[in-house]
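One structure below.
Below, each value reflects all heavy atoms present in this structure, side chains not excepted, and no hydrogens, waters or symmetry copies.
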Amino acid sequence: MTAEPWVSVDQIAEHLRVTRDSIYRWIDRKHPPAHRVGRLCKFQVSEVDEWVRVGGASEVAHEQAPSSKN
């Protein structure tokens, strides 16, 4: 069994179909599972996929939805 490879910002952006700027914004604000190697950020796709699945990339990740009472 081989270890999962580390991928770059460009590669994870392509995988998620978002821009590099989005990835860097998430790193700054949302703290995805990124690992620093010197000045570079590296990712494991499985960790990022799980982070996305649990809502880490959501714009309303920590906000409560307003109740709809009519």
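The CH2 atom of W6 lies 11.0 Å from the CD1 atom of I12; values are rounded to the nearest 0.5 Å.
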- Message: side chain to side chain contact (heavy atoms under 4.5 Å, CB included) for V48 and H15? Distances and angles first, verdict last.
- Response: CA-CA 10 Å; V48 174; H15 172 73; 5.6 Å; no
- In sequence, state the C-alpha distance, the side-chain angles, and the governing distance for K42 and V7, and then conclude on side chain to side chain contact (heavy atoms under 4.5 Å, CB included). CA-CA 5 Å; K42 295 293 185 173; V7 299; over 6 Å; no
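Distance alone, capped at 3.5 Å, places no donor-acceptor pair between the K30 side chain and the I23 backbone.
Closest of all the heavy-atom pairs between I27 and C41 is CD1-SG, 3.8 Å. The two residues E4 and V45 have their closest heavy-atom pair at OE2-N, 2.9 Å. H31 and W51 get closest at one heavy-atom pair: O-NE1, 4.0 Å. The shortest non-hydrogen separation linking P33 to F43 is O-CD2, 3.8 Å.
Hydrophobic clustering (ILVMFWY, side-chain heavy atoms < 4.5 Å, transitive): V9 and V18 are in one cluster. Transitive grouping of hydrophobic side chains (ILVMFWY, heavy atoms separated by less than 4.5 Å) brings V52 and Y24 into a common cluster.
Listed by chain and residue number, E50 satisfy the salt bridge (Lys or Arg N to Asp or Glu O under 4.0 Å) test with R53 (two or more places apart in sequence, or in another chain). Taking the salt bridge (Lys or Arg N to Asp or Glu O under 4.0 Å) definition, one finds that D28 meets it with nothing, sequence neighbours left out.
No hydrogens or angles considered: nothing links the side chains of Q44 and H35 as a donor-acceptor pair under 3.5 Å.
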